[in-house]
Every structure is written in structure tokens, then in C-alpha cells.
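Worksheet: one structure, shown below.
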Amino acid sequence: METRYIKAINEALAEEMARDESVFVVGEDVGGAGGAFSATRDLLARFGARRVRDTPISEAAIVGIATGAAIRGLRPVAEIMFADFLALSMDQIVNQLAKVRYMFGGMYAMPVVIRAPCGGGLNAGPQHSQCVEAWFAGVPGLKVVMPATPHDVKGLLKSAIRDDNPVLFLENKALYALKGDVPEGEYLVPIGKAEVKRAGKDVTVVATSRMVHQSLEAAQGLAGEGIDVEILDLRTITPLDKESIFRSVEKTSRLVVAHEAVKAFGIGAEIVAAVCEELPGRLRAPPCRVGAPFVPVPFAQERQYLPDAAGVVRAVKSVMAA
Amino acid sequence: METRYIKAINEALAEEMARDESVFVVGEDVGGAGGAFSATRDLLARFGARRVRDTPISEAAIVGIATGAAIRGLRPVAEIMFADFLALSMDQIVNQLAKVRYMFGGMYAMPVVIRAPCGGGLNAGPQHSQCVEAWFAGVPGLKVVMPATPHDVKGLLKSAIRDDNPVLFLENKALYALKGDVPEGEYLVPIGKAEVKRAGKDVTVVATSRMVHQSLEAAQGLAGEGIDVEILDLRTITPLDKESIFRSVEKTSRLVVAHEAVKAFGIGAEIVAAVCEELPGRLRAPPCRVGAPFVPVPFAQERQYLPDAAGVVRAVKSVMAA
Amino acid sequence: MTDAREQQLAILHSMVRIRRVEERLSELFSQGKVPGFIHVSIGQEAIAAGVCSCLGPEDSVLTTHRGHGHALAKGIGLKRFMAEIYGRRDGFCKGKSGSMHIADKGVGVVGANGIVGGGLPISLGTALASQYRGEKTVTVCFFGDGASNQGTFHESLNIAALWSLPLVFCCENNGWAQFTPQARYMKVESVAERAEGYGIPGVTVDGNDVVRVREAALEAVARARRGDGPTLLECKVRRWLGHYVGDAQKYRPPEDVKGAKALDPIRAYADQLSAAGAIGPDGLADIELRVKAEIDEAVRFAGESPPAGPEELFTDVYA
Amino acid sequence: MTDAREQQLAILHSMVRIRRVEERLSELFSQGKVPGFIHVSIGQEAIAAGVCSCLGPEDSVLTTHRGHGHALAKGIGLKRFMAEIYGRRDGFCKGKSGSMHIADKGVGVVGANGIVGGGLPISLGTALASQYRGEKTVTVCFFGDGASNQGTFHESLNIAALWSLPLVFCCENNGWAQFTPQARYMKVESVAERAEGYGIPGVTVDGNDVVRVREAALEAVARARRGDGPTLLECKVRRWLGHYVGDAQKYRPPEDVKGAKALDPIRAYADQLSAAGAIGPDGLADIELRVKAEIDEAVRFAGESPPAGPEELFTDVYA
Ligand SMILES: Cc1ncc(C[n+]2csc(CCOP(=O)(O)OP(=O)(O)O)c2C)c(N)n1
Ligand SMILES: Cc1ncc(C[n+]2csc(CCOP(=O)(O)OP(=O)(O)O)c2C)c(N)n1
Ligand SMILES: [Mg+2]
Ligand SMILES: [Mg+2]
């Protein structure tokens with residue numbers, strides 16, 4: 001049935017907490033208020049203060065709590081209110097959490113999920129709107145997930161909570177209100193598998209998070225012009241599902257990558273590089289990336305800044321023209 | 001004359017401090033001890049405690065001090081003892097320092113240099129050996145510099161100190177003892193300009209920092225096998241000198257990128273992507289990246305982990321074979 | 001009119017101005033005229049007015065997401081302030097900062113900050129610059145009780161104490177951090193209790209009493225100017241309204257709101273001044289009139305200011 | 001032999017064992033047999049021995065770059081400990097951790113940490129797990145005086161206090177942070193003075209007196225087990241040697257080193273025990289013999305352990 005993205009997150013948390021007593025949530029305002037974006041609404045009433053833990057404004061400590069609890073066998077789900085604030089947890093994420101297992105020779109499992117909303121759309125300015133996956137994609141030991149739909153955000157969050165590795169779970173604020181079909185019963189969406197959201201033969205658009213929807217919109221328009229776009233929702237950044245990317249590119253032999261994050265040095269570069277290196281001669285046209293310009297997220301000029309369907313249309317046409 | 005890389009840094013600091021009274025250094029153990037790697041040796045004796053400032057172990061504050069001082073018109077040079085610890089300054093660097101100018105509509109110049117040694121070679125393990133440029137390359141507002149030689153580290157550091165923008169200056173520990181020619185008199189090396197370290201016609205190797213030397217070593221051996229390698233020392237990561245990269249690739253039509261950082265989602269991906277997008281059909285063989293495997297930097301098995309000349313040789317041969 | 005009386009009227013005017021500006025901003029926001037989100041300091045005006053009355057334009061102030069009051073009390077021009085919050089070209093930051101990053105170098109408003117606790121380390125640097133140059137200028141860094149639990153608070157107070165920086169750490173303790181009451185984020189009742197751990201004075205005053213705030217601030221600022229180092233000055237108030245405009249505060253007991261609003265620093269000070277004969281019966285009304293006229297003009301100015309041109313998106317990234 | 005006496009001998013043995021292991025490690029390092037760099041706690045053994053004598057294997061300890069002593073006192077097996085520092089396959093972490101990241105889940109050595117202050121937030125989580133499950137187990141987090149200036153110290157003490165976590169924050173105040181003396185990184189003399197700002201007890205003891213250390217630790221641990229929350233326990237010592245093995249300490253006045261070495265916690269305790277008749281004339285010698293034999297065997301074991309195979313580079317990144 002029709003459920004909002006934010007509600008799907010809330011359901012996933014509630015279901016996993018009901019299923020496994022070792023799962024708990026921790027973060028700023030997650031308790032009484034049910035979270036800044038109400039991802040944790042009603043969890044306090046249902047599961048109590050022991051398992052729904054408000055913290056001070058201490059992002060480094062929030063992640064440390066999760067790491068230590070996981071070392072002792074619990075399954076914490078930490079919320080960082082805005083993905084931008086992950087910068088305050090950076091050491092605890094990249095130097096601690098991500099390395100614990102390797103550093104200690106496999107001594108510990110690290111079933112930690114860190115949820116954080118990224119992206120623009122609220123005119124919240126440069127410190128509340130960033131897409132930060134590029135900070136973490138190259139950090140061995142982490143998994144990075146970016147769900148685009150209510151269905152996927154629920155299934156992927158449940159998978160992330162059951163995963164014995166640290167998962168950085170990047171939601172997109174602009175999608176919180178999005179409605180989509182979410183099945184009644186229990187289901188999981190596997191981490192590390194991209195999904196073809198629209199089959200097409202002319203060009204592959206590998207998209208993440210909000211840009212999946214922008215790409216679908218673009219594809220509709222382009223269909224009218226006789227361009228048949230295949231849209232691959234990456235869903236997981238690391239581990240990267242090269243197999244699905246390659247399968248699609250083998251079919252279309254044209255590649256566009258679309259993400260909301262700054263284009264330069266973004267994760268799109270890895271996808272383009274992987275295709276160019278590993279599918280020699282397969283591309284009939286040079287690849288093209290769609291992403292934000294190399295400027296901080298502006299306050300008033302956000303709409304002009306954000307990558308959109310029009311940008312995807314331009315990119316697709318450029319690779320079709322070549 | 002022959003000077004060590006670390007000494008060249010020390011000279012650059014001393015010269016700029018002598019030249020401009022607003023330049024000061026701040027960081028852990030930079031004073032009495034002259035720095036963990038002696039980059040600041042004798043500066044305290046020469047310039048006094050006002051301009052050579054030991055700090056507590058407070059990496060976030062160290063960067064904040066630099067940002068605030070620059071806002072008031074000083075030209076701080078902050079030292080973070082190991083690049084890995086930049087994770088503790090992440091918010092102050094990416095959310096504050098890098099954004100101050102844009103966020104406030106160009107109200108402030110931000111003449112801040114943050115020096116930090118990256119890389120392996122000391123068996124210092126996963127938290128003291130990382131190459132972290134990928135965390136910062138995609139952050140608008142920052143410049144990221146990675147000098148490979150004593151000559152360049154001196155000239156680039158002096159340029160960085162005179163630059164009105166925040167410069168993340170990533171040195172490589174393994175190069176500190178390296179000797180090389182450093183001219184007597186005053187000179188600058190411009191930020192944003194790559195340099196051809198070896199001219200060749202068959203293949204372009206774009207290398208950074210320590211991998212420049214590994215690539216030169218590889219090129220020598222390959223020359224014996226009749227492969228003429230051109231080596232481009234990138235020197236600056238952002239702003240990226242695409243012009244020099246493209247010029248070289250136009251000539252050789254073969255591309256290898258070599259950096260010590262983890263290959264996946266590393267800055268090499270951007271270079272490969274840029275070439276594939278902007279020089280369509282120019283490459284005669286698929287590009288190839290050389291970088292570390294997707295694992296944390298190990299303690300005992302560091303030698304096996306680190307990218308080296310042999311890796312560059314393999315990469316060059318693979319692109320020559322194709 | 002005596003200097004003292006001028007000073008008193010100026011402070012009353014400053015408080016009223018903050019209150020009315022933020023009330024107007026709230027209206028405009030609700031009408032969809034202001035992009036982003038805004039946090040108002042209504043009920044906390046005595047702190048901004050009292051502390052900033054001790055500073056000159058060459059002194060620096062760093063503030064937070066709830067920073068309108070500090071910027072206004074420090075002397076920021078209302079027209080360009082309003083234009084900035086509207087996101088227009090004539091704003092102090094060309095529409096790039098908005099409410100959460102308001103700044104005006106010209107009057108020493110270094111800048112607001114969207115990262116809770118983010119301004120504290122930066123204030124070390126602005127204060128160091130004064131010391132480095134042998135200036136007598138000082139920095140005041142405003143932050144909330146919630147911010148006092150960030151690691152940056154600790155690192156900053158330790159270093160400021162160690163270096164005897166000309167800095168006043170002014171904590172506006174309003175009992176709430178976003179949707180969470182203080183008891184759920186700190187065990188101690190007063191942030192000032194933490195000063196001792198750094199070897200600096202910690203002072204707690206009633207933030208609703210502008211006279212007490214000003215007295216305490218005068219002492220802290222004088223101390224900083226003398227070169228005797230930083231002070232942690234905590235001003236206790238209670239948050240009147242929601243965390244941001246539009247916050248329904250479902251998480252908050254109504255009595256708590258009522259209790260907060262029972263304490264009005266402006267009414268209290270106005271009564272005090274009229275009792276002392278410092279203002280006449282229409283003293284407050286006169287101020288209100290002047291303030292209203294200024295706000296009307298500023299809102300007009302902001303409304304008429306054009307949005308930044310498309311090229312502005314790409315400027316100011318690098319010098 | 002009485003329990004008390006057994007306990008005393010065990011503590012003396014524990015201190016001697018740490019001292020000799022680290023002396024041997026220093027030799028081996030100087031001979032190039034140990035990769036990386038190592039930090040020894042020689043002269044600070046009373047803290048590790050005293051505090052860990054209050055803990056059981058189910059209790060957790062987090063330590064630092066200077067963590068050999070804590071791991072040994074907590075009961076880590078010397079053979080695999082030595083093999084780990086050699087970077088060999090039989091090490092507790094398969095040669096992936098070395099000295100700076102030594103760990104053994106089996107005896108509650110959660111792990112050492114190369115990031116100063118990095119273990120503090122993690123200790124919140126291990127302690128929370130005890131509380132979450134209603135266990136009576138506790139966590140002790142060791143850190144240095146230098147680490148007490150990191151933001152993580154502040155965030156961690158605040159949260160531990162707020163949640164009454166079963167946690168003991170044990171600060172080894174040795175007066176130095178790498179190459180810098182304490183006066184240049186903090187204004188207050190005792191880290192324990194900071195406890196009050198979190199509403200928890202702060203205790204400072206002479207870290208050279210193992211009896212005092214143990215008494216204070218017993219109380220702090222009992223408090224944590226009772227559910228009464230954390231304690232900040234500061235043990236004052238003076239660093240005997242360089243920051244790491246091979247540090248010539250050019251930055252340090254020789255008298256400071258001499259003064260430090262004048263206080264020997266092992267000799268002091270041995271004298272005390274023999275004066276009390278708890279050990280006879282050869283009591284210490286016997287211990288030394290046993291320790292030497294154990295070390296010889298461990299060094300042999302480590303030397304014979306093969307390096308990890310090439311495939312090991314790629315394992316343990318993900319579960
Ligand atoms: C690093 C960081 N964490 C969380 C937030 C979200 N946030 C904005 S204001 C706020 C509460 C701040 O409380 P306090 O410091 O007491 O200031 P007040 O809002 O009460 O004035 C929070 C949690 C943020 N902006 N930055
Ligand atoms: C975040 C971080 N900053 C700096 C360092 C470098 N470093 C290693 S140990 C040390 C000194 C630590 O002093 P203290 O906490 O007192 O411990 P001690 O060495 O005295 O036992 C420093 C600066 C580090 N490892 N991590
Ligand atoms: Mg507050
Ligand atoms: Mg110390």
C-alpha cells in the first residue's frame with residue numbers, strides 16, 4: 001500500500017526492534033520528539049527509553065556509542081540529524097568503526113547502522129544540504145547505501161540492521177514525503193544490488209537517490225522523442241554492483257551517471273572509470289556525468305544549483321548525439 | 001643544492017614567516033620539539049612562542065584557530081600531525097573553513113594552510129598511514145596540494161601560504177627523508193599546475209606524491225623494454241590541471257593513473273572519467289589505475305599493500321598490450 | 001539626557017528592536033516570504049542587548065542558528081540584514097547566507113553558524129588575532145546550552161584559558177536543545193560549573209535581567225581587554241517559542257511554555273526604567289514607533305531587492 | 001598463604017611482568033625485530049596492575065597507544081601478545097594490529113587505539129551494553145592527560161554521567177603529551193578537576209602507589225557495578241622514558257627524567273611487602289625468575305610464528 005518514505009523507515013525500525021531485542025536507536029531528539037524528521041516517531045512509547053535513546057549534541061560520541069555497543073554484541077542504529085554533521089563523527093566512523101574488524105583481525109562483528117539525511121530542497125544552506133557519500137565510498141570496511149524509494153528504504157534498512165558490517169545509510173530529505181508502494185508483509189532488499197527501474201535499449205542512466213526520480217522523469221520526456229532510456233537505480237554505493245552496471249551498458253553501449261552530489265570527484269567518476277577500464281570499446285559515445293556544480297550548496301539559489309531532470313535530458317541527448 | 005623534503009618544508013616556513021609577520025604556525029608539538037617530523041625545527045627559537053604555537057591535542061580546535069585568525073587577516077599555517085587525524089577536524093575543514101568565503105558572500109579571504117603527512121612506510125598501521133585526499137577533493141572552496149619533491153614542496157608551500165584560499169597541503173611521510181635539488185634563492189611553484197617529470201611518447205602516467213617516484217623507477221625499467229613513458233606529476237589535486245593531463249594524453253593516447261590511496265573511489269577515478277568524457281576516442285587502449293587495494297592500511301603487511309613501481313609497470317604493460 | 005540614561009534607552013530600544021524584528025520575520029516566514037528556516041530568540045533579548053552593549057564595532061561576535069538578536073544588538077544594518085534573510089542581492093552576503101549564516105564584517109558580526117558548537121573553535125582564532133596584534137579588542141562567542149556538550153566546547157575553553165585569550169564565552173541557557181529538554185542532555189544544571197575545569201571564571205546570571213547581564217558582561221569583557229583571559233558567562237532564560245518558526249512543540253508541556261512567557265525581559269526593564277523615572281509614560285511607545293518605522297522600511301527594502309543573478313551561484317567559491 | 005597475600009604477590013608480579021616485557025620489547029625493537037613503533041609504560045605499572053586487579057575477565061578495558069601494561073594486567077596471553085607485536089600469524093589479531101591496536105576479546109581487552117581520545121566514545125558503548133543487558137560488568141577506559149583535551153573526552157564524560165554508565169575513566173597523568181609538557185596544553189593541574197562539570201566524582205591518586213591506586217579503583221568499580229555511574233580516576237605519575245622507544249627526548253630537561261625515575265612503583269611496593277613480611281628476601285627474585293622464563297618463551301614463540309600469508313591482507317575487511 002501507499003506509504004511515505006519516512007514512514008517506511010519508521011516501519012523498518014519498529015519491525016526490527018520488535019524482532020530483535022538487541023536492536024536499539026540512538027541519536028539527537030530521536031526519543032520524545034520522534035526525530036527531527038520523525039523517522040523514530042512512536043518508538044519511545046513502544047520500546048521505552050532503554051532502546052530509544054536521546055543523546056546530547058555529540059555526534060562523535062553517538063557513533064562511538066554504536067561502535068562500542070556493537071563490539072559487545074548489540075545492534076545499534078544511530079541517527080545523525082543531517083548528513084553534513086557526519087563530519088563531526090568522521091574519526092569515529094572512518095578511523096574507528098570502519099577499521100575495528102580489520103585492525104583486530106576479525107575479532108569483532110560490527111552490526112552498526114548510521115542513518116543520516118542528505119541532500120537539498122529545504123533552502124537549508126551549505127551546512128544542512130550536502131550529499132556526502134564521496135567522503136565514505138573509498139573507506140574500506142564501510143558499506144554505503146542510498147535508497148531512492150519507500151519500498152527500498154524499508155527493505156534496505158532492514159537488511160542493513162541485520163548486516164554484521166557498518167552500514168552508512170544515507171537518506172534524502174527531499175524524498176521523505178514521497179509516497180510509494182510498500183508491501184504489507186516482511187521483506188528485505190539486499191545490500192549491494194542495483195535495480196533496473198526502467199528498461200531501455202538506447203542509453204543507460206545510472207542514478208542514485210533523488211536523481212533516480214529525476215531520471216525517470218527525464219526518461220518519460222525522452223521517450224516521446226524516441227529515446228529509450230534504461231534507468232539503473234544503484235541503491236548501494238559500496239559494495240558497488242558493477243555487474244548490473246556492466247550488464248546494462250553492454251546492452252545500451254551508452255552511459256550517463258546522475259547524482260545530486262558535486263560532480264567533480266564524486267562517486268560517478270568511479271562508475272565511469274570502471275566502465276571505461278573494464279568494458280573496453282563497449283561505449284559508442286563518451287560517458288557523461290550529471291551532478292552539482294563545484295560550489296557549496298547555496299541558500300537562496302538552491303533550485304538553480306540542484307541537478308534535475310533537465311540536466312539528465314541534456315546529458316542523455318549529448319551521449320545520443322555523439 | 002641537495003636538500004631533504006622535510007628541510008625544504010622547514011625552509012619554506014621560515015622564509016614566509018620572515019617575509020610576512022602575519023604568518024604563524026600552530027599545531028601539536030610544533031614548538032619546543034620542532035614538530036613530530038621536525039618540519040618546524042628551530043622556528044620557535046627564531047620567531048618566538050607568539051608565532052610558533054604548541055596546542056593541546058585538539059585537532060578540531062587547531063583548524064578553528066586557523067579559520068578565525070584568517071577571518072581577522074592573519075595567515076596561519078596549521079599542522080595536523082598525521083593526515084588520518086584530519087578526520088577529527090573534518091567539520092572545521094569542510095563545513096567551516098571551506099565554506100566561509102562562499103557562505104558569507106565573499107566577505108572574507110581565507111589564507112589558511114593545513115599541513116599534514118599522509119601515506120605509509122612506517123608500519124604505523126591503519127590509523128597513521130592513510131592517504132586521505134579523496135575526502136577533500138570534492139569539497140568546493142578547498143585547494144588540495146600533494147608535492148612529490150623537495151623542490152616542489154618548498155615552492156608549493158610558499159605559494160600556499162600566499163594564497164588567499166584554504167589549502168590542504170598533504171605531504172608524504174615516506175618522502176620526508178628524500179633528498180633533491182632545491183635552488184638557493186627565492187622561488188615559487190604555482191598551485192594548480194602539473195609538471196611533466198619525464199617526457200615520453202607511448203603512455204601517460206599521471207602520478208601523485210610518492211607514486212611519482214615509483215612511476216619514474218618504473219619508466220626506467222620500461223625504457224629498457226622500449227616503452228617510452230611520459231610521467232606527469234599532478235602536484236595539485238584541486239584545482240585539477242586538466243589541460244596538462246589532456247595535452248599529454250593527446251600525445252600518447254594511453255593513460256595510467258597512479259596514487260597511493262585506495263584505488264576505488266580515489267581521485268584517479270576523476271582523472272580517468274575526465275579524459276574519457278572530454279577526449280572522446282582519444283585513448284587507444286582502456287585507461288588503467290594503480291592504487292591501494294580496498295582494505296585498511298595493514299600493520300605488518302604494509303609492503304604488500306603499498307602500490308609500487310612493479311604495479312605501475314604492470315599497468316603500463318596492460319595498456320600497451322591492449 | 002545623561003549618558004547613563006541614554007545607555008538605558010539604547011538597551012531598551014535594542015531589546016524591543018530584536019523582538020519586533022523577529023516577530024515580523026516569523027510573520028513573513030509563515031507567509032512564505034522567507035526561504036529556509038528561521039530560529040528566533042524572542043524572550044532572550046536581554047542577553048544580546050546586555051552583552052553587546054559592552055562592545056564596540058571593532059570587537060568580534062560569533063553567533064549561532066539563533067543569532068538575529070546578537071547581530072542586531074551588535075549593530076548590523078537592518079535593511080541589508082532583512083534582504084539577506086530574504087535571500088536577495090542586497091543582503092550582507094548577497095543572499096548566500098540567509099538567517100543561519102548572517103554576517104557583517106563591518107560591525108564585527110563575524111558570522112552565524114549552522115553547526116551547533118561550530119563557532120567555538122573559530123572564536124579562538126578571532127580572539128588570538130587581537131592578542132597577536134596587541135589590540136585591545138575582544139571576541140564574544142554566543143552558543144546554547146545544547147552546544148555546551150559538543151567536543152568543540154571543551155577544546156575551545158581549554159585553549160582559550162591556556163592562552164589567556166581575550167574571549168567571552170556566552171552561553172544562552174534556555175533549557176532546550178531543539179526538541180529535547182536539558183535534563184536529557186546534561187546532568188549538571190549550570191553550564192558555568194564547567195569553567196573550573198579549565199581554570200577560568202564561570203558566572204551564571206538571570207538572562208531575563210538585562211541589568212545583571214550587562215554587569216556580568218562588563219566585567220568579563222574588561223577582564224578580556226586587560227589580558228586576563230576568558231570568562232564563561234552563562235545567561236539563564238527559558239525558551240518562549242518553538243525551536244524554529246513553525247515548530248508546534250508537541251513534545252513540550254504547555255505549562256513550560258506558559259512559565260517561560262511569564263518572564264518578559266522587555267516588560268521588566270521598561271517597568272524598572274519608568275519606576276526610576278528614566279522613561280516617561282510614552283517612553284516605550286516612542287521606541288515602538290521608531291522600531292516599527294525602521295522595520296517597515298527594511299521589509300520594503302528587502303522585498304524590492306532583486307534576487308541574486310544566476311552568475312552569483314558561481315562566485316565567491318575562491319578568492 | 002592468605003588471599004590478601006596472594007593478591008599482593010599477584011599485583012607485584014603483574015607490575016614486574018609489565019616492566020620486564022616492555023624492557024624486552026624495547027630491546028627487540030632496537031634490534032629491528034619489531035615493526036612500527038612502540039610506546040612503553042615503564043614507571044607507570046602501578047596503574048595498570050592496581051586498576052586491573054579490581055576487574056574480572058568479563059569486564060572490559062579500552063586502552064591507548066601506551067597500552068601494553070593494561071592488556072597484560074587484564075590477563076592477555078603473553079605468547080600471542082608478543083606474536084602480535086611481531087606482526088605474526090599467531091598474534092591475537094593475526095598480525096594486523098601490532099602494539100598500537102592490541103586486543104583480546106577473550107579477556108576483555110577490547111582494544112588499544114592509535115587515535116588519542118578515540119577510545120573514550122567507544123567505551124560508552126561497551127558500558128552501555130552492560131547496562132542494557134542488566135549485567136554487573138563494567139568498563140574501564142584508560143587514557144592520558146593529553147587525551148583529556150580532546151573533544152571526545154568531554155562528550156564521553158557528559159554522556160556517561162547522564163546515563164549513569166558502569167564506566168571508570170582512568171586518566172594516566174604522566175605530565176607529557178608526546179614532546180610537550182602538560183603546562184603547555186592545559187591550565188589546570190589535575191584532570192580530575194573536570195569531573196565536577198559533569199556531576200561525577202573526580203579522584204586523584206598517586207599513580208606510583210599501587211595500594212592507593214587499587215583502593216581508589218575498587219571504589220570506582222564498585223560504584224559502577226552498583227549502577228551509580230562513572231568516576232573520573234586520575235593517577236599521577238611521571239613519564240620515565242621517551243614518548244616512543246627511540247625518542248632521544250632532546251626537548252626534555254634531564255632533571256625531569258631523573259626526578260621521574262626516582263619514583264619506582266615496583267621497588268616501593270616490594271619494599272613495603274618485605275617490610276610487612278609479606279615477601280621474603282628472595283620473593284622478588286622468584287617473581288623475576290618466573291617472569292623471565294615466561295618472556296623468553298613468549299619471545300621464542302613470537303619469533304617462530306610465521307608472518308601472515310598474503311591472502312590475509314584481504315581478509316577481515318567485512319564479516
Ligand atoms: C552539529 C549539529 N548537530 C545538530 C544540529 C541540529 N540542531 C540545530 S539547533 C539544535 C539545538 C541547539 O541547542 P542549543 O545549543 O541549546 O541552542 P538553542 O537552539 O537552544 O538556542 C540542534 C540539535 C546542528 N545544527 N548541528
Ligand atoms: C588524534 C591524535 N592526535 C595526535 C596523535 C599523536 N600522538 C600520539 S600519542 C600523543 C600524546 C598523547 O599524550 P597522552 O594522552 O598524555 O598519553 P601519553 O602518551 O602521555 O601516555 C600524541 C600527540 C594521535 N595519535 N592521535
Ligand atoms: Mg538551548
Ligand atoms: Mg601524558
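Labels below follow one simple rule: chain letters A, B, ... track the order of the sequence lines, proteins then strands, and each chain is numbered from 1. Keep in mind that what you see is a predicted model, and the values were worked out from it rather than measured.
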Exercise for review: Please round to the nearest 0.5 Å and tell me the distance separating atom CG of C:Leu128 and atom CD1 of B:Ile65.
Suggested key: 7.0 Å
Check your understanding: To the nearest 0.5 Å, what is the distance between CD (C:Glu312) and OH (B:Tyr102)?
Key -> 8.0 Å
Point to revise | Residue selection (most heavy-atom pairs with chain B, distance under 4.5 Å) from C:Ser130, C:Ala308, C:Pro121 | key: C:Pro121
Exercise for review: Decide yes or no for B:Gln96 and C:Ile122: does some side-chain heavy atom of the first lie under 4.5 Å from some side-chain heavy atom of the second?
Suggested key: yes
Practice item. Evaluate the side-chain proximity of B:Pro56 to C:Glu155: yes if any heavy-atom separation is below 4.5 Å, no if none is. Key: no
Review point. Which pair of heavy atoms, one from C:Ala319 and one from B:Asp164, lies closest together, and at what distance?
Key: CB-CB, 3.8 Å
Review point. So how far is it from C:Ile159 CD1 to B:Ser58 OG, rounded to the nearest 0.5 Å?
Key: 4.5 Å
Check your understanding: In terms of heavy-atom proximity below 4.5 Å to chain B, should C:Glu84 be classed as side chain, backbone, both, or neither?
Key -> neither
Review point. Contact part of B:Val26 toward chain C, heavy-atom cut-off under 4.5 Å: side chain, backbone, both or neither?
Key: side chain
Practice item. Taking atom types as modelled, find out whether B:Arg51 and C:Tyr132 have a side-chain donor-acceptor pair closer than 3.5 angstrom. Key: yes
**Study point:** Engaged part of B:Leu142 at the chain C interface, taking heavy atoms whose separation is under 4.5 Å
**Key:** backbone
Review point. In terms of heavy-atom pairs under 4.5 Å, which option from B:Leu74, B:Thr67, B:Asp91 contacts chain C the most?
Key: B:Leu74
Check your understanding: Just by modelled atom types, is the C:Thr126 backbone N or O under 3.5 Å from a matching donor or acceptor in the B:Arg72 side chain?
Key -> yes
Check your understanding: Tell me, side chain or backbone of B:Ala66 under 4.5 Å from chain C's heavy atoms, or both, or neither?
Key -> neither
Practice item. For residues C:Tyr318 and B:Asp163, determine if any side-chain heavy atom of one lies less than 4.5 Å from a side-chain heavy atom of the other. Key: no
Study note, to complete from the structure: Rounded to the nearest 0.5 angstrom, the CG-CD1 distance for C:Leu62 and B:Ile71 is 7.0 Å
Check your understanding: Where does B:Asn95 contact chain C at under 4.5 Å (heavy atoms): side chain, backbone, both or neither?
Key -> side chain
Exercise for review: Measure C:Leu120 against the heavy atoms of chain B and call it side chain, backbone, both or neither at under 4.5 Å.
Suggested key: neither
Extract all donor-acceptor atom pairs below 3.5 Å that involve side chains of residues 101-112 of chain C and protein atoms in other chains or at least two apart in sequence.
{"from": "C:Asp104", "atom 1": "OD1", "to": "C:Gly106", "atom 2": "N", "distance (Å)": "2.9"}
{"from": "C:Lys105", "atom 1": "NZ", "to": "B:Met107", "atom 2": "O", "distance (Å)": "3.4"}

Review point. Ion pair present between C:Arg133 and B:Glu21, side-chain N to carboxylate O less than 4.0 angstrom?
Key: no
Practice item. Provide the closest heavy-atom pair for C:Thr152 versus B:Ala60 in the form atom of the first, atom of the second, distance. Key: CG2-CB, 4.5 Å
Check your understanding: Side chain, backbone, both or neither: which part of C:Gln150 has an atom under 4.5 Å from a heavy atom of chain B?
Key -> neither
Check your understanding: Where on C:Leu165 is there a heavy atom nearer than 4.5 Å to chain B: the side chain, the backbone, both, or neither?
Key -> neither
**Study point:** Whether over 12 other heavy atoms sit under 6.0 Å from C:Glu135 CD
**Key:** yes
Practice item. Give a yes or no on this: more than 12 heavy atoms of other residues, nucleotides or ligands lie within 6.0 Å of atom CZ of B:Arg41. Key: no
